[in-house]
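See structure below.
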Protein chains: 4
Amino acid sequence: MEYNEKQIAIIDIAEKLFAENGYDATSVRDIAHDAGINVAMISYYFGSKEKLMEALFERKSTNIRIKVENLIQNENLSPLQKINVLIDDYIEKFIAQQGFHKIMMREQIIEKDTTVASIILELKKRNLESIKLLIQEGQKSGSFIKNIDVVLMMTTMVGTVSQMISSQYFYREVNNMQQMDEIEFRKHMKKKLSVHLKKLFKALLTYDSQ
Amino acid sequence: MEYNEKQIAIIDIAEKLFAENGYDATSVRDIAHDAGINVAMISYYFGSKEKLMEALFERKSTNIRIKVENLIQNENLSPLQKINVLIDDYIEKFIAQQGFHKIMMREQIIEKDTTVASIILELKKRNLESIKLLIQEGQKSGSFIKNIDVVLMMTTMVGTVSQMISSQYFYREVNNMQQMDEIEFRKHMKKKLSVHLKKLFKALLTYDSQ
Amino acid sequence: MEYNEKQIAIIDIAEKLFAENGYDATSVRDIAHDAGINVAMISYYFGSKEKLMEALFERKSTNIRIKVENLIQNENLSPLQKINVLIDDYIEKFIAQQGFHKIMMREQIIEKDTTVASIILELKKRNLESIKLLIQEGQKSGSFIKNIDVVLMMTTMVGTVSQMISSQYFYREVNNMQQMDEIEFRKHMKKKLSVHLKKLFKALLTYDSQ
Amino acid sequence: MEYNEKQIAIIDIAEKLFAENGYDATSVRDIAHDAGINVAMISYYFGSKEKLMEALFERKSTNIRIKVENLIQNENLSPLQKINVLIDDYIEKFIAQQGFHKIMMREQIIEKDTTVASIILELKKRNLESIKLLIQEGQKSGSFIKNIDVVLMMTTMVGTVSQMISSQYFYREVNNMQQMDEIEFRKHMKKKLSVHLKKLFKALLTYDSQ
DNA sequence: CATGAATGAGTGTTCATTCAT
DNA sequence: TATGAATGAACACTCATTCAT
């Protein structure tokens, strides 16, 4: 699907509002107002509010796919280093696209069988496959242990970053960072998450539990 | 606050519907219908839909507090064993009260300054304090390393379990467990999460990173 | 109709609230709340909200009837003096029972054929008859002119006092009396209205227009 | 504020219903029904029921302002004649716009600090200022006495006409005019009020009370 | 005699969507 | 292609009243 400038503008506004207030608490009027367009335009361009949501997912979900192709062919990095690159890449994407991730987190919880749900499912499967490739590579070379539950490992990566984003105001408060500039705080989160997840992944991938 | 039988029944129905469809997508009519009562009763008993939500949080949030009092005084368990007990306790509570946790996950994302938001904040603070006590005990005895970011550790515990619950249908699918009985699947999740988180915590608490 | 203490208390509260906010804008819950009783009591004691209004009118309307019996037989006063006594009596009652008069003013405007409307009509007729007696006495003795439209004259008396009550806050403002104590202000209004209406009535009753 | 045809139609219907039944006893559904439009249109056009009321006041209150500019410059009329013209003008406006005046009478009684209340207050002040100009002119030329309470005089004018309108059915009844054609009855009222108020004003403006 | 619980109808308002232009 | 006008359904909530006790 190709979207023109106006449609993209609408999608971006929708993303912002859905992220802040949730899909149901955001009216098409809110979106139209913030986008400076007529209410009818949303139905006109996307067919319905739900279809707008689908368009949003179609457009944004591709940006947050884990990409592993170049990484695999890179012969200068060890398997663990590759995993670390991947972790940083994931954190970077997640934090940069907080808004969309918030929407996705909420949608993920709903059990309904919607188009959006299937997009999310597809995304998860792709991400899982990508990371599996890297793990298997490390296992073949003997760098990683045999017994690795990749799904659980992903769950921890996604869950930890998600939870960090969701509770960032709590995090700021307990760490006395209320006044910290947003950009600086994002850097801080990235660094913390990076070190933290790398440590966890190292444990999962290389320490044999007996 | 004390609630009578009818009120509790309403709260339970509301919990189920809010968990399944979200707060905004659930109308008071839906709740009244499922509870077999008149719409007016929700206002009558709780004042408003929002107050019903608050009542729900008031009632349920106490059930999911981490309790460490007995654990601390137990002299038969090592600090790490205590942490492991706590992990299992947390997983148990979270999975048993999935519905409420789903609601809380969604509410946590919204940035608004509501009563519910403050209840969640309070809960997080209490849980953090509880777990800090155990950690400090282990540090004093030398069982745990000095440098532990408890908030990040909690983030991983909460995040991992949350993410597992949120994506349990994905988990079933990629593990070919679609047909597994719900009770058995819960057992499976608990076991998996237990082993996984214990491994992660052990790494965070005892391995010094250089 | 006889009303017990509780009923009278309810009627008094209702009078206050109806006067302040209007009949329709006052809910039985408001009344019950202010009276410190159960909502059901209003239906229980009076049958309905409308019947409560009727009870209110039944009770209060008798207090504001113009009484001329003693006045007529008083041989020490001239006809004009008697009219002046009546004017003061009317002003006194109206201001003392402002609340009820406000309710009546509003009800009077509605065109519906209700019980309350018929009570008001009855009251007006009685008051008209009373005053007519005094006028006729004065005409017989030659003190008053022949051609007097008593209805119009009453309209001016009632209308002037009503309007004064209705717009008393405007009156205070344009006369810089915002800070004046309520009791003192009532005295002021009474005096002003008294002199004013007496002058008007003297003109209507004694000056022949050619 | 400019209103389009549809909006004006709605305002007119609202005026009729508010006049007949009162603001609170008139539902937006009643208005929508009588106007042959959808209920949502009232919110759509005016924002809310209250805003509709304000629009009504904004539109109609200008029509009933006493205008005195031309009168002052007219050199062919004596001060008293000018007052008489003003009285007739006021009666004419009041009776022609009975509906709106009924609404205003009721609103005037309520003590709340609403937009409508402030419009009424403003209107009263303007009318008072207008009439004061005429009075002062007459006083300067020696036609009127010095000691005139203009506010009280206005109170009598407004009050008398208001009361006449409010109790016109009573008036018809006691004067055996139930069957009189509405148009003819209005003429009758105007004539009666005109003569009556002119007599009263003459007394207030020219007779010195000793 | 009194009341807490409960009800169905109604309130004003907002919703996503459609229509006529 | 674009939009202001309009709609019917739904929203949360309040209403006066009734009922069982």
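Labels below follow one simple rule: chain letters A, B, ... track the order of the sequence lines, proteins then strands, and each chain is numbered from 1. Just so you know, these numbers use all the heavy atoms, side chains as well, and skip hydrogens, waters and symmetry mates.
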Side-chain-base donor-acceptor pair under 3.5 Å for D:Arg29 and E:dG12: yes

Just the rounded figure in Å: distance from P of E:dG4 to CD of B:Glu2. 19 Å

Please give, in whole Å, the distance from E:dA6 P to B:Phe46 CZ? 11 Å

Between A:Asn38 and F:dA2, does any side-chain N or O lie under 4.0 Å from OP1 or OP2? no

Rounded to whole angstrom units, what separation is found between the CD1 atom of C:Ile31 and the C1' atom of F:dT14? 15 Å

From OH of A:Tyr44 across to C1' of E:dC19 the rounded distance in Å is 14 Å

Under 4.0 Å, counting only non-hydrogen atoms across every strand here, what does A:Tyr45 touch: a base, just sugar-phosphate, or nothing? sugar-phosphate

Nearest-Å distance for atom pair CG/C1', residues D:Asp30 and E:dA9: 14 Å

Any side-chain heavy atom of C:Ile64 within less than 4.5 Å of one from C:Met104? yes

Could you tell me whether C:Arg29 and C:Asp34 make a salt bridge, using a distance below 4.0 angstrom between a side-chain N and a carboxylate O? no

Run the salt-bridge test on C:Lys102 and D:Glu111 with the 4.0 Å N-O cut-off and return the result as yes or no. yes

Once you round it to whole Å, what is the distance between P of F:dT14 and CE of B:Met41? 14 Å

Just N and O in the side chain of B:Lys49: are any of them under 4.0 Å from OP1 or OP2 of F:dC11? no

When B:Val39 and D:Gly36 are each assigned the nearest nucleotide of DNA chain F, the 5'-most assignment goes to D:Gly36

Distance check needed: E:dT14 P versus A:Asp24 CG, whole Å only. 18 Å

How many Å lie between NE2 on A:His33 and C1' on F:dT3, as a whole number? 17 Å

In terms of the nearest nucleotide of DNA chain F, which residue is placed more toward the 5' end: C:Glu50 or B:Ile42? B:Ile42

D:Ser48 vs B:Ile37, nearer the 5' end of DNA chain E by closest nucleotide: B:Ile37

Any strand is fair game: report the nucleotide pairing with E:dC19 by Watson-Crick or G-U wobble, both distances under 3.5 Å, or none. F:dG4

Are B:Tyr45 and B:Ile37 packed together at the side-chain level, in the sense that at least one heavy-atom pair is separated by less than 4.5 angstrom? no

Determine, step by step, whether B:Phe57 and B:Phe100 satisfy the ring pair (Phe, Tyr, Trp, His ring centres under 6.0 Å) criterion, reporting the C-alpha distance in whole Å, the side-chain angles of both residues, the deciding distance to 0.1 Å, and the verdict. CA-CA 8 Å; B:Phe57 266 79; B:Phe100 178 66; 4.9 Å; yes

Closest to side chain of D:Ala40, choosing from E:dC15, F:dA16, E:dT17: E:dC15

Using Watson-Crick or G-U wobble geometry with both distances below 3.5 Å, tell me the partner of E:dT11, or none. F:dA12

Can you find a side chain N or O atom of B:Ser27 that sits less than 4.0 Å from OP1 or OP2 on F:dC11? yes

